[in-house]
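Letters A, B, ... mirror the listed sequences (proteins, then strands); counts begin at 1.
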Amino acid sequence: MASISLHTNHILPSLLHSQTPKATFSQNLSLLSRSSQSQFHGLKLSNSNLLSIPSSSSVKSSILAKVTEGVIPPAFTLRDQDGKTVSLSKFKGKPVVLYFYPADETPGCTKQACAFRDSYEKFKKAGAEVVGISGDNSASHKAFAQKYKLPYTLLSDEGNKVRKEWGVPSDLFGALPGRQTYVLDKNGVCRLIYNNQFQPEKHIDETLKFLKSV
Amino acid sequence: MAVLNQRTPTPKLLPHHGRISHKPLLPPRLIHCSATAPPKNHRLNSETPILNPATSRPPVINDPSLKSTWTHRAWVAGGCSTVLISLAKSISASADSHIWVEPILAGLFGYVMADLGSGIYHWGIDNYGGAETPVFGAQIDAFQGHHKWPWTITRRQFANNLHALAKVVTFIVLPINLVTDDPVLLGFVGMCSGCIMFSQQFHAWAHMTKSRLPPMVVKLQDGGVLVSRLQHAEHHRAPYNNNYCIVSGVWNEVLDGLSFFEALEMVIYFKFGVRPRSWTEPNSDWTEDPETTTLVS
């Protein structure tokens, strides 16, 4: 079942999900015990943040400020599909739908990209910008964007540095980069996080629904 | 390998977790049964004529490569014998031990797992490797030919169709029959291997029109005991990435609903950099040949 987590008034000190394939068993177990099936079809991150308390052996992995609702995500500067550098701050002043996806030219990511493309006018009408991020390089993004006529920016997060900083959780015990979308408001504050690996079109539905409600 | 042109995706809502739902079923194409494709392992069987690669020529009705040879029949006899021995030993040991529930349940489990196994194997063969792959190359090539001329399977004689699986079953089940007398294990093995061996027959039946099928087979298909014609026809539709199971098809809805194969494909892609065939726009070697579809059934 798809799940979203909404902005709350408090900022929770939250522990980072391990982003490496060597995620601790206890972390994964706590994730799975709560949402074993919805890990693929939507993950309620706020609940799992509260309850997925890692064992002491994994605390050393990080107590970083992972992006949650109500926080301003860490800034980044990445290259887009044309090789130009783009900073997150460029989008301040308008809402941004920033979606992390596994890889160009894979079925789910293609479905998602095309769905964002097909609804792009609706996002523009809501005053929002759409930005896709994956670990692929600019050349891959360029080919992908050209092939499917994507009208929005694709950023190249080489080495998955931003993915790790933002705490995008992996799927299948770290075997698969997660598919997670953030909606930032015009002040750059995270207002919505939506995670769903195998129902990529739902990212469009949920983010549009949220943008229309605010 | 096909040129990697990404297929144009069609937006499609995947089912929610926990709710099993079909992909929308389109009316099946008219599949007229006839004509030929080279049999699996035809290159390994010296009794069949050497034919061109599977997809390079249109099939011919009454192609000798579709007929059963005595070697085929021998393997099928061997396979059936091992399966029957397994089942007979299971029944006999069950009677001696006065247990029935566990062996019967084990047999049912074997039938269910055979469907799962058929799907995973079918997925692997359909998506990875090619004619040059060691061990599996001939079968991969044959599966490709089957996708181009799907109805040719209905023109194969019985032993011709089953002999490859019968060979595998013989090699695996015979040692098991020799080393164990456990009725539960033998019940599982007998049913599982029997269903796997006959999966090619179930597969052939799934390609035949209702009018050509024995009424009992139609009943079993409609009842979900054997894979249905409609469900299997879904597999033969682009992008050829679903409904891989061919015993009962009971796993198809579950596996497709959970995006099981898509998950496996993504993991393989990220771990090994290998793309499955289903991610690419199907080329002419894979899509059904419409010109030969209308041969008389």
In short, B:Val267 meets A:Leu176 closest at the heavy-atom pair N-CD1, 4.0 Å
If one checks every heavy atom of A:Pro102 against chain B at 4.5 Å, the contacting part turns out to be both
Taking every heavy atom of A:Lys111 against every heavy atom of B:Glu262, the minimum-distance pair comes out as NZ-OE1, 4.4 Å
Closest heavy-atom pair, B:Phe270 versus A:Ala175, reported as atoms and distance to 0.1 Å, is CB-O, 3.9 Å
With sequence neighbours left out, the residues meeting side chain to side chain contact (heavy atoms under 4.5 Å, CB included) with B:Val274 are B:Tyr128, B:Ile268, B:Phe272
### Task
Mark yes when over 12 heavy atoms from residues, nucleotides or ligands other than B:Phe109 sit less than 6.0 Å from its CZ; otherwise mark no.
no
Side-chain atoms of residues 127-143 of chain A: list all donor-acceptor pairs with protein atoms under 3.5 Å, sequence neighbours left out, distances to 0.1 Å.
from, atom 1, to, atom 2, distance (Å)
A:Glu129, OE2, A:Tyr120, OH, 2.9
A:Ser134, OG, A:Asp136, N, 3.2
A:Ser134, OG, A:Asp136, OD2, 2.7
A:Asp136, OD2, A:Asp104, N, 2.7
A:Asn137, OD1, A:Ala139, N, 3.3
A:Asn137, OD1, A:Ser140, N, 2.8
A:Ser138, OG, A:Asp80, O, 2.9
A:Ser140, OG, A:Asp104, OD2, 2.6
A:His141, ND1, A:Tyr101, OH, 3.3
A:His141, ND1, A:Asp104, OD1, 3.3
A:His141, ND1, A:Asp104, OD2, 2.9
A:His141, NE2, A:Leu155, O, 2.8
A:Lys142, NZ, A:Asp82, OD1, 2.9

